[in-house]
Amino acid sequence: MFELKKQQGGARLGTYTTTHGEIQTPVFMNVGTQGAIKGALSAEDLSTVGAQVLLCNTYHLHLRPGEETIHSLGGLHSFTTWDGPILTDSGGFQVFSLAKLRNIKEEGVTFNAHTDGHRLFMGPEESMKIQWALGSDIAMAFDECVENPAPYEYVEASINRTYRWLKRCDEAMQQLKSREDTVNPQQVLWGINQGGTYAALRERHMKMIAELDLPGYSIGGLSVGEPAEVMYEMIDAVAPHMPKNKPRYLMGVGTPENIIEAVARGIDFFDCVMPARNARHGHVFTSKGIININNAKYISDSAPLDENCDCPACRRFSRAYIRHLLKAGEMLGMRLLVMHNLYFYNKLMADIRAAIAEDRFDSFRREKTQVFSQRI
RNA sequence: GUGGGUAUAGCUCAGUUGGUUAGAGCAUCGGAUUGUGGUUCCGGGGGUCGAGGGUUCGAAUCCCUUUACCCACC
């Protein structure tokens, strides 16, 4: 399923094949938590911004409209009309980030829904059942994302539990896929590495889950408040123990600089809410650095957001117009900004792939990490 | 013309029996955001309290004069 085509230093160029199409890696997965990218983007717009993969969320879609509804309508691909690859997150992170009162036990987690506060339970079997019903191409394991910082003893106990949960996820998925009403028989399960900011625990846990021989592995629980350097150290600790011929996914990351640095350390898959969320607040990624379109200096700026960008917003509209739309609360302002930022991220990944293919990733890395991080 | 009312930040308004450096919301300006609760969070700037005079240790607050606007009546 995953073909590693080339390596330059730590950076990898590959192709991951699903029944809904090939994914060229390194890749950025576009986050559409509730089945759509926030900012009024449709499945059609996903193609426009160069998206290869859509990421949806088990927990949110379970709350509404419910996985049974989506299953009865033929699964997420049919429901959203996005015919490309879809990855579903397991809900593990949402339990950690959204739920206030959560009670973690061996069976799973009891917590309060963020929508109306009702008590609900989710464990490995529940998460797999939902993701199976949704019919995503890649299902993520139900894991525990521990807080940062967390005591060593707690994290150690947690990775053991997350390992047991992973085995239960694997078994549940095998059983479910034998059912006649399976929407996506080719659905696969990826495992998630945890271990907080303890390199030794990260490494130990990675070795444990690698033995299960799953078709993909991810690193979770990072970019939750720790410095970027610590995150890079954790990747360096884990990556050497990830199977070489399988995709590697760094969950929830990150800034353009974070992504370039992680690619250099051997990561193939990324996802992050940052381009979309920041866009909604006027924070724009450009080829020359970061701008805040809310700033007064753009009030009569006739230039596009990024003169080197070919996205629908930049091809046609001025900074002044988009700033006005955002200030005036017109939905189009948000939509154009989200489209631009996602186009930028997907283009960034295409540029990274080209750089690796042409043996110039090192210079690309040196040149771009600085530029993309600066404010202009 | 007569009577009544109002006047405090760009806007809408609080402001206790007169008592620290006159506040809020919105607007404005800037920042934050990392496996997304879609208008969020944090911070900054901005006032001759309509004007002038008086009382008082001290006035946005009390008194007088005046100006503008609003309402009612003639």
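Proteins get letters first, then strands, A, B, ... in listed order; numbering begins at 1 in each. No experiment lies behind these values; they were computed from the predicted model shown.
The closest side-chain donor-acceptor pair between A:Thr18 and A:Gln186, if any, does not fall under 3.5 angstrom. Between A:Thr48 and A:Asp45, the side chains place no donor N or O within less than 3.5 Å of an acceptor N or O (distance only, hydrogens not considered). The closest side-chain donor-acceptor pair between A:Ser373 and A:Glu257 falls under 3.5 angstrom.
Among B:rG35, B:rG37, B:rU34, the nucleotide with an atom closest to any side-chain atom of A:Met251 is B:rG35. Listed nucleotides: B:rU33, B:rG35, B:rC29. Nearest to the side chain of A:Arg277: B:rU33. With B:rU39, B:rU34, B:rG37 as the choices, the nucleotide that has an atom nearest any side-chain atom of A:Lys38 turns out to be B:rG37. For A:Arg323, counting side-chain heavy atoms from C-beta on, the closest listed nucleotide (B:rC29, B:rU34, B:rG38) is B:rC29.
The partner of B:rC69 is B:rG5, by the rule that a Watson-Crick or G-U pair needs both atom distances under 3.5 Å. A 3.5 Å limit on both hydrogen-bonding distances identifies no Watson-Crick or G-U partner for B:rG18. B:rG35 makes up no base pair with any nucleotide shown, lacking Watson-Crick or G-U wobble contacts both under 3.5 Å. If you check B:rG25 for Watson-Crick or wobble pairing at under 3.5 angstrom, you find it paired to B:rC11. Under the Watson-Crick and G-U wobble criteria, each requiring two contacts below 3.5 Å, nucleotide B:rG30 is paired to B:rC42.
Under 4.0 angstrom from either OP1 or OP2 of B:rG37 there lies at least one side-chain N or O belonging to A:His60. The shortest distance between the side-chain N/O atoms of A:Arg375 and the OP1/OP2 oxygens of B:rA32 is below 4.0 Å. OP1 or OP2 of B:rG31 has at least one side-chain nitrogen or oxygen of A:Asn292 nearer than 4.0 Å. Note on A:Asn295: a side-chain N or O is less than 4.0 Å away from OP1 or OP2 of B:rG31. Distances shown here put every side-chain N or O of A:Arg280 at or beyond 4.0 Å from the OP1 or OP2 atom of B:rU40. Residue A:Lys327 places at least one side-chain N or O closer than 4.0 Å to OP1 or OP2 of B:rC29. Between A:Gln34 and B:rG37, a side-chain N or O to OP1/OP2 separation shorter than 4.0 Å is absent.
The distance between atom CG of A:Leu326 and atom P of B:rU40, rounded to the nearest whole Å, is 12 Å. A:Leu98 has its CG atom 11 Å from the C1' atom of B:rG35, to the nearest Å. Rounded to a whole Å, the CZ atom of A:Phe142 is 13 Å from the C1' atom of B:rG35. At whole-Å resolution of the value, CG in A:Asn258 and P in B:rG35 are 11 Å apart. Counting to the nearest Å, the C1' atom of B:rC41 and the CG atom of A:Asn294 are 14 Å from each other. Atoms CD1 (A:Ile290) and P (B:rG30) sit 16 Å apart, rounded to a whole Å. Regarding A:Ile293, its CD1 atom lies at a distance of 11 Å from the P atom of B:rG30, rounded to whole Å. In this structure, CD1 of A:Ile138 is placed 17 Å from P of B:rG35, rounded to the nearest angstrom.
Across the C1' atoms, B:rC26 and B:rG19 are found 31 Å apart, a figure rounded to whole Å. The separation of B:rU40 from B:rA51, taken at their P atoms, amounts to 36 Å, rounded to a whole angstrom. Here, B:rA14 and B:rG35 have their C1' atoms 46 Å apart, quoted to the whole Å. Nucleotides B:rG30 and B:rA72, compared at atom P, are 46 Å apart to the nearest Å. With C1' as the reference atom, B:rG47 and B:rG15 are 14 Å apart, rounded to whole Å. Nucleotides B:rG52 and B:rA60, compared at atom P, are 13 Å apart to the nearest Å. Distance check on atom C1': B:rC11 versus B:rG18 gives 29 Å, rounded to whole Å.
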Practice prompt. Determine, stepwise, if the pair A:Tyr345 / A:Phe28 fulfils ring-ring contact (aromatic ring centres under 6.0 Å, His included).
Written response: CA-CA 7 Å; A:Tyr345 262 66; A:Phe28 176 77; 4.9 Å; yes
Discussion item. Would A:Ser287 and A:Asn308 count as a side chain to side chain donor-acceptor pair (under 3.5 Å) here? Give the steps.
Written reply: CA-CA 7 Å; A:Ser287 61; A:Asn308 298 318; 3.0 Å; yes
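Between the side chain of A:Asn346 and the backbone N or O of A:Leu342 there is at least one donor-acceptor pair closer than 3.5 Å.
The nearest heavy atom of RNA chain B to A:Gly329 and to A:Ser218 marks one nucleotide each, and the one closer to the 5' end goes with A:Ser218.
Classification of A:Lys347 and A:Asp351 as a salt-bridged pair holds, one side-chain N sitting under 4.0 Å from a carboxylate O.
In this structure, A:His281 forms an aromatic stack with the base of B:rU40, since both conditions hold: centre separation below 5.5 Å and plane angle below 30°.
As judged by a 4.0 angstrom heavy-atom cut-off over every strand, A:Gly39 is placed among the base-contacting residues. At a threshold of 4.0 angstrom between heavy atoms, the contacts of A:Gly92 with the nucleic acid are absent.
Applying the 6.0 Å contact sphere to CD of A:Glu211 captures no more than 12 heavy atoms from other residues, nucleotides or ligands.
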